[in-house]
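Here's the structure we're looking at; comments come further down.
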Amino acid sequence: MKVAVFTLGCKTNLYESGQIISALIQAGHEAVHGLVPADVFVLNTCAVTGEAERKSRQAVQRARKLNPDCKIIIVGCAAEKNAAQFEALGNVGFVKGVANKTAIVNEIERFGADVEQLPSIFTETVFSTQERTRAFVKIQDGCNNFCSYCIVPYLRGRSRSRRIADVVREVRQAHAAETVLIGIDISQFGRDTGESLPQLFETLQGVNTRLRLGSLEARVVTDELLESLTHVNFCPHFHLSLQSGCDSVLRRMNRKYTTDEYLHAVSEIRRFFPDAAITTDVIVGFCGETEEEFEQTRNFVEIVKFADIHVFPYSPREGTAAYQWADVDGATKERRAEILGQIKRQLKNDFAMRFVGTEQEVLVERRRAGYWEGYTRQYLRVYFQGKANVGELVDVAITEPYKDGAKGETK
Ligand code: SF4
């Protein structure tokens, strides 16, 4: 049977789609990523925003256009949140929630909704999985934070961590040039098992892959963690989730740090890794955000000088604490998103400029329109010409900012 696995949302979903594909192939099916003609579609959905849910439903229509007789299996957060929204769309078969997506292999013929109980320990069967030249290794799932705008803890359950020995085994088995350690909130890694991120990195010393971290919270950026990262082949890229640069908004969001604590984390990172990329997410127009509060966020992102910012207009999610709170009007959200978008473009350009005249190690991902494309250790996207192969690490001389990154050349 040919199965196409289509992924929406975060790196954790992408990782889990890789697991599904590996499991399907092991079971003798032909399985590929993307929305391409197939007998069965597995749609790995996302519910983090209303827009993500809409795209998840739209994927069902797109799959049906590709093959009107197909079966569609829906998994992921949007299915967990509201399975009924998909069942009405036609051709939709087995709907499973976020838990143990690889069980799909055993149940591919089954129809009807079946949203599993969320697990309280890390229960998934793990397959080494490699996506787009990198290996993604999941080290944690779920979340205990209950940020007031976020539906994820209700969908994915409480935080649970993999054991260090299992993570290290999978990293070694992946044999990837780059390995990304991911989770829903990897800052919570080890709290349920008595292990910790610094211990994980101590155990990863000597592993032959460059290591990248998924999103972190400012409060876990300690000297102990940073020190442990200097002993492994670490890519100095920190995605430090901010959400707002204003303390009163952070309190309403139920975020558990202040802007001062965040700035302290940034300066500690730069003390250990002077050329580190620090990237972030910001929500604009969160409930009751005043012009003054937004201005504080705007100033804050310029002070930090982020290498990149993902800007999201706030979208109320039913079932969260903030759902009932007064919403900011859409035009104001759009204007604020546009203002931060302009700052982001300038900061990205400034970040690329810092590397002009230097040589950077680029992991080659693809060739398009006459250029090789890939990422440096600081996650700067580089376009270059010369000799290379997909999956290779190549030293590239950076010549100028270009598109969303920089242009370069090989010797
Ligand atoms: S840390 Fe907050 S935003 Fe992130 S998944 Fe947990 S509740 Fe959601």
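Ligands are counted one by one from 1 in listed order, and the atoms in each one are counted from 1 as well. The model shown is predicted, which means the values in this text are computed figures rather than measured ones.
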Could you pull out all donor-acceptor pairs under 3.5 Å where a side-chain atom in residues 400-407 meets a protein atom, sequence neighbours excluded?
from: D404; atom 1: OD1; to: Y383; atom 2: OH; distance (Å): 2.5
from: K407; atom 1: NZ; to: Y371; atom 2: OH; distance (Å): 3.4

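The side-chain tip of R212 does not point at the ring of F136 from less than 6.0 angstrom away and within 45° of straight on.
Nearest to atom 4 (Fe) of ligand 1 among the protein's heavy atoms is R255 NH1, 4.4 Å.
Here E338 pairs with R345 in a salt bridge; the nearest charged N to carboxylate O distance falls below 4.0 Å. Of the charged side-chain nitrogens involved, none lies within less than 4.0 Å of a carboxylate oxygen, so that E170 and K138 do not count as a salt-bridged pair. The existence of a salt bridge linking R169 and D166 is confirmed by a sub-4.0 Å separation between a basic side-chain nitrogen and an acidic carboxylate oxygen.
Within the model, atoms OG1 of T222 and NE2 of H264 stand 9.5 Å from one another, a figure rounded to the nearest 0.5 Å.
For ligand 1 and E217, the ligand atoms under 4.0 Å from any heavy atom of the residue are 1 (S).
Counting non-hydrogen atoms of other residues, nucleotides and ligands closer than 6.0 Å to CZ of F146 gives a total above 12.
Protein contacts to atom 8 (Fe) of ligand 1 involving N, O or S atoms at a distance below 2.8 Å are C150 SG.
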